[in-house]
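Remember, it's a predicted structure, so these values are computed and weren't measured experimentally.
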Amino acid sequence: MVTQLQQSTPHTIKLEFADEPVTAFGGLVLIERLAAHLGLWRTLEGTLPARRGHYGWGGLIKALVAGLLSGGTGTWAAEEVRQDAPLLGLLSLPEAAEEVTMWRALKPLARELDELQKIQTIWTRRMLARARRPSLLVEGFVPLFGDGTLLEGSRRREGTKFIADKGWGLLWATLWVGPLLAAQRLAPAGEGEISSVREMLRSVRRQLLKPLGFAKCALALLDSLHANEGTLGLLENERLHYVVGANGLAATAQTLADQPEGAWEQTGAQRARGWADSGVCVCWLQCAQWERKRLLVGRRWRHENEFLWHYAGVVTDLSERGVAHVMSEHGLSFARAIWRLYDLKGGLETQFKDALSALDLHHPPCQEHARNAAFYGIGALAHTLGIGLELLGRPAPAGATQTAGQSRARKRRPPRRMRLWRVRRALLAVPARVSRHARQLV
């Protein structure tokens, strides 16, 4: 049967443009109130030296932070805030600098990188101090995750280096305490991830973990790059628990291959990983460069129709007593409990996505290393405010009616968090009309 399409009557859409004091990012007032409540802007202005010129450091940094959180990129993010007069009112900024002024200010700010890092640690410490501790615990530990990522680089961009299997780029080293970025460093030429993370571990332990009482329950999760005497010795001297990958050590595979068959606990096939058979074991590892032996927890597996085993290992200072709660809650042996803890590192690596994608930090905005280092110091502050808003703003669970089993369950399960792009969409991208009445901003 042939049918004839019927077209609806055309409609006319009329557009009217009104010059009203409205902004598309009224939710940034939540960021302003959070920072004011915790005294973050006051700390920033009191730590950095006074800046000569029309704009102070507080106004410059606040404008760039707001621009990045609202979706701006690079130094141009401050310009977008400058052109949004109602938003300036919400941020208590009489005015904001143009983009070229922000770009020029990054170079003198680079001389204050140590102060910026101090501010970053203070901001993180204040937010963690007010967060509910159960929301920070994963398997009974506060994760302490150190890692580096390769940013976009070029032969013309200062600090660009070549890393095998990754290519050319700028190395951004970070240290995370739970979901918050506690320390960061854009490594200059000649400096690698190992030395950067090692220095950050030392400062974060003393300036953040110890004052908050997190030192005993913190668990450092690091990849095989950090399985060296310097980093492991530092973790032990600072009395930090750790599970560190050991695949980069030549002695790991040979030590595991030499273990007798009776030392291996069979864990069977794991189809999700494509393993036809697998097992775990516990032994001691002694490398030539090490002052003493360390506990090695190994894993072996083989695929279908394979005869030889594949080996992987992690070194740890944890004992059965230290992970007894993990073993009892999940019915695991000591070796399997350690691997369960180390496997958390994969989820922690996704925290980079918020900074690299939502704040577009994968693309350094400048050619000079000094300007980029200062920009990433500000970008880290923006990330802390965005994630801190979600961390401190989430509703508390019904603690009055929870059972002991429910309380333990929350401690062992990683809490589900809003990604930064969703925080922007759900909380920050809120249209608002701004007006003044009786010396009050409404």
Side-chain angles (χ1 to χ4, degrees), residues 23-38 40 62 64-73 77 81 87 90-91 120 123-139 141-145 147 149 174-182 184 214 221 343-362 376 378-399 402 406-407 409-432:
T23 176
F25 286 94
L28 281 172
V29 72
L30 299 175
I31 294 291
E32 175 65 14
R33 293 189 65 179
L34 173 65
H37 179 70
L38 299 182
L40 304 185
K62 183 190 288 191
L64 186 54
V65 165
L68 291 173
L69 287 174
S70 62
T73 59
V81 174
L87 181 58
L90 292 180
L91 299 176
Q120 176 68 31
W123 283 25
T124 304
R125 186 178 67 213
R126 290 185 183 175
M127 291 187 180
L128 291 176
R130 286 160 176 79
R132 294 181 298 276
R133 182 163 298 202
S135 69
L136 302 174
L137 296 176
V138 182
E139 300 292 357
F141 295 97
V142 175
L144 181 62
F145 172 60
D147 199 5
T149 186
T174 59
L175 185 63
W176 307 74
V177 177
L180 294 181
L181 181 54
Q184 61 82 36
F214 286 171
L221 298 170
D343 288 343
L344 295 173
K345 189 174 72 69
L348 297 174
E349 290 173 350
T350 62
Q351 294 179 158
F352 271 118
K353 294 181 180 179
D354 276 332
L356 299 181
S357 299
L359 300 181
D360 197 44
L361 296 186
H362 181 69
Y376 276 82
I378 300 174
L381 296 178
H383 183 276
T384 300
L385 276 174
I387 298 299
L389 178 65
E390 192 274 342
L391 178 66
L392 300 182
R394 63 172 56 226
Q402 69 182 7
Q406 290 172 334
S407 177
R410 273 201 302 275
K411 289 183 180 180
R412 68 175 182 259
R413 286 199 302 264
R416 298 187 64 180
R417 306 188 188 279
M418 292 174 63
R419 295 282 300 279
L420 190 53
W421 68 267
R422 190 174 292 279
V423 171
R424 174 186 295 153
R425 180 168 181 173
L427 301 179
L428 304 183
V430 179

Closest approach of Leu348 and Pro143, non-hydrogen atoms and distance?
CD1-CB, 3.8 Å
Between Leu359 and Asp354, is a side chain to side chain contact (heavy atoms under 4.5 Å, CB included) present by the stated rule, with each step listed?
CA-CA 7 Å; Leu359 300 181; Asp354 276 332; over 6 Å; no
Is any side-chain heavy atom of Glu32 closer than 4.5 Å to a side-chain heavy atom of Leu90?
no
Is there a side-chain contact between Thr174 and Phe352 in this structure, where contact means two heavy atoms from C-beta onward sitting under 4.5 Å apart?
yes
Determine, step by step, whether Leu391 and Leu136 satisfy the side chain to side chain contact (heavy atoms under 4.5 Å, CB included) criterion, reporting the C-alpha distance in whole Å, the side-chain angles of both residues, the deciding distance to 0.1 Å, and the verdict.
CA-CA 9 Å; Leu391 178 66; Leu136 302 174; 4.1 Å; yes
Donor-acceptor pair, side chain of Ser70 and main chain of Gly67, under 3.5 angstrom:
yes
With rounding to the nearest 0.5 Å, note down the distance linking CZ in Arg417 to CD in Gln351.
8.0 Å
What heavy-atom pair brings Leu344 and Glu139 nearest, and what distance separates the two atoms?
CD1-CG, 4.1 Å
In this structure, NE2 of His383 is separated from CG of Leu356 (nearest 0.5 Å) by 9.0 Å
Checking Arg424 side chain against Ala429 main chain: does a donor-acceptor pair fall under 3.5 Å?
no
Could you tell me if the side chain of Val142 sits less than 4.5 Å from the side chain of Leu137, heavy atoms only?
yes
At their closest point, which heavy atom of Glu349 faces which heavy atom of Phe145, and how far apart are they?
CG-CZ, 3.5 Å
Quick check for you: to the nearest 0.5 Å, what is the distance between Leu389 atom CG and Arg33 atom CZ?
11.5 Å
Quick check: does any side chain N or O of Arg130 sit under 3.5 Å from a backbone N or O of Arg126, one acting as donor and the other as acceptor?
yes
Give the minimum heavy-atom separation between Met127 and Gly388, together with the two atoms involved.
SD-CA, 3.5 Å
Between Arg422 and Glu390 (salt bridge meaning N to carboxylate O under 4.0 Å), is one present in this structure?
no
Would you call Leu385 and Leu40 a side-chain contact if the rule is heavy atoms closer than 4.5 Å?
yes
Say you draw a straight line from CH2 of Trp123 to CG of Leu381; how long is it, rounded to the nearest 0.5 Å?
4.5 Å
Rounded to the nearest 0.5 angstrom, the CG-CG distance for Leu427 and Leu30 is 6.5 Å
Taking C-beta and beyond as the side chain, do Val65 and Ile378 meet within less than 4.5 Å on heavy atoms?
yes
When rounded to the nearest 0.5 Å, the distance separating CZ of Arg132 from CG of Leu392 is 8.5 Å
Taking all heavy atoms of Leu28 and all of Ala66, pick out the closest pair and write down the distance.
CD1-O, 3.9 Å
Side-chain heavy-atom pair Leu420, Ile387 within 4.5 angstrom cut-off:
yes
Any donor-acceptor pair under 3.5 Å from Thr23 side chain to Ala432 backbone
no
Locate the shortest heavy-atom distance separating Leu428 from Leu69; write the atom from each residue and the value.
CD1-O, 3.8 Å
